[in-house]
Chemist: 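One structure follows; several queries about it will come next.
For this chain, numbers begin at 1 and follow the sequence in order. None of the values given here were measured: they were computed from a predicted structure.
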Amino acid sequence: MEERTPYMVDGPTEEPQHKDIQTARLHDEVANLAAVRNEIARVKVQLEAANKALQDLPEFIEASALGAEIVRLKDKERSEMDLVRQIAVADYEEYHSKNPADGVSIRVVKMLEYNTEDARDWVLTNLPKAIIVDTKLFEKHALAVADTAPIPFVEILEVPTATIATKLPGQE
């Protein structure tokens, strides 16, 4: 595929000739994008045909069976690991042995347990820098109240974005 330079547009212009050139370039790029999508569709059809032809080969059937066996064994491995962990922790809790079996060891980690509301109140008073803004929630709220109770330091910008149709003219 040939490499093309993206066309940069700084903003609207009053020059009709520039607009015509820009529109022509945009149409060219849409046509190029449609051609690439057509090529992708063509290669996908070829891949599907190749996969279909392979499915009847004994080697493919054997490889598929081996793949399924690996999935089954990985599930069994996860179950066994869970059981080994449970037994090892129970052994540690009863006998305090950090090496209950060859290849199995116990790590004791410190975990905190607390009421989140109490923690929030404490942090607001004692450690305010630990507060992290949920930007997604904040932005959703700022947009919701923009017309009724705007947040003074928030500016709402209108930023144009381009949406490209799934099916373009010239695309098969």
Side-chain angles (χ1 to χ4, degrees), residues 1-49 51 67-68 70-72 74-75 77-86 88-90 92-93 105-172:
M1 179 184 294
E2 65 186 58
E3 188 175 317
R4 292 184 308 279
T5 304
Y7 302 108
M8 302 300 289
V9 178
D10 292 331
T13 177
E14 298 300 321
E15 300 174 32
Q17 184 181 11
H18 180 76
K19 181 172 179 14
D20 291 343
I21 292 170
Q22 180 179 322
T23 301
R25 287 179 174 168
L26 179 59
H27 287 286
D28 288 348
E29 291 306 320
V30 168
N32 289 336
L33 178 57
V36 169
R37 287 182 175 175
N38 288 337
E39 186 67 12
I40 290 169
R42 185 187 65 73
V43 171
K44 280 183 177 180
V45 167
Q46 288 178 326
L47 178 61
E48 288 172 13
N51 280 335
I70 290 291
V71 169
R72 186 189 70 75
K74 285 290 192 178
D75 286 342
E77 177 191 33
R78 276 188 291 278
S79 296
E80 289 295 328
M81 288 172 66
D82 289 343
L83 186 57
V84 166
R85 284 186 183 108
Q86 288 173 6
V89 168
Y92 173 78
E93 288 173 345
S105 60
I106 298 294
R107 238 180 339 129
V108 180
V109 295
K110 294 181 181 185
M111 295 183 69
L112 304 177
E113 186 175 306
Y114 53 88
N115 177 293
T116 54
E117 289 183 24
D118 291 342
R120 180 183 41 94
D121 292 342
W122 186 90
V123 166
L124 285 171
T125 304
N126 299 290
L127 194 59
K129 288 187 177 187
I131 303 295
I132 298 173
V133 175
D134 181 341
T135 55
K136 196 172 192 176
L137 177 62
F138 175 76
E139 290 175 6
K140 183 178 178 181
H141 176 76
L143 281 171
V145 301
D147 294 331
T148 56
I151 300 172
F153 60 89
V154 173
E155 181 181 353
I156 298 176
L157 306 173
E158 291 189 4
V159 179
T161 60
T163 301
I164 301 172
T166 305
K167 183 89 168 163
L168 296 171
Q171 186 177 338
E172 297 168 359

Chemist: Identify the two heavy atoms, one from I106 and one from A88, that lie closest to each other, and give their separation to 0.1 Å.
Modeler: CD1-O, 3.6 Å

Chemist: Roughly how far, to the nearest 0.5 Å, is the CG atom of L47 from the CD1 atom of I40?
Modeler: 13.0 Å

Chemist: Among residues at least two apart in sequence or on other chains, which ones pass salt bridge (charged side-chain N to carboxylate O under 4.0 Å, His left out) with D147?
Modeler: none

Chemist: Search all heavy atoms of L124 against all heavy atoms of I131 and return the closest pair with its distance.
Modeler: CD2-CD1, 4.0 Å

Chemist: Which atoms form the tightest heavy-atom contact between R37 and I164, and what is the distance?
Modeler: NH2-CG2, 3.6 Å

Chemist: Which heavy atom of A146 sits nearest a heavy atom of I156, and at what distance?
Modeler: CB-CD1, 3.2 Å

Chemist: If the condition is side chain to side chain contact (heavy atoms under 4.5 Å, CB included), which residues does V71 pass it with, not counting sequence neighbours?
Modeler: D75

Chemist: Tell me, please, which residues at least two apart from K44 pass salt bridge (charged side-chain N to carboxylate O under 4.0 Å, His left out).
Modeler: none

Chemist: Work out which heavy atom in V123 is nearest to a heavy atom in A130; give both atom names and the distance.
Modeler: CG1-CB, 3.9 Å

Chemist: Please identify each residue that fulfils salt bridge (charged side-chain N to carboxylate O under 4.0 Å, His left out) with E39, with sequence neighbours left out.
Modeler: R42

Chemist: With sequence neighbours left out, what residues match H27 under side chain to side chain contact (heavy atoms under 4.5 Å, CB included)?
Modeler: T23

Chemist: Does a sphere of radius 6.0 Å around CD in E172 hold more than 12 heavy atoms from other residues, nucleotides or ligands, not counting ones at 6.0 Å or beyond?
Modeler: no

Chemist: Is any side-chain heavy atom of L33 closer than 4.5 Å to a side-chain heavy atom of E29?
Modeler: no

Chemist: To the nearest 0.5 Å, tell me how far R120 CZ sits from T125 OG1.
Modeler: 10.0 Å

Chemist: Run the salt bridge (charged side-chain N to carboxylate O under 4.0 Å, His left out) test against E93 and tell me which residues pass, sequence neighbours left out.
Modeler: none

Chemist: If I compare all heavy atoms of A34 with all of P169, which pair ends up nearest, and what's the gap?
Modeler: CB-O, 3.6 Å

Chemist: What distance do L168 atom CG and N32 atom CG have between them, rounded to the nearest 0.5 Å?
Modeler: 11.0 Å

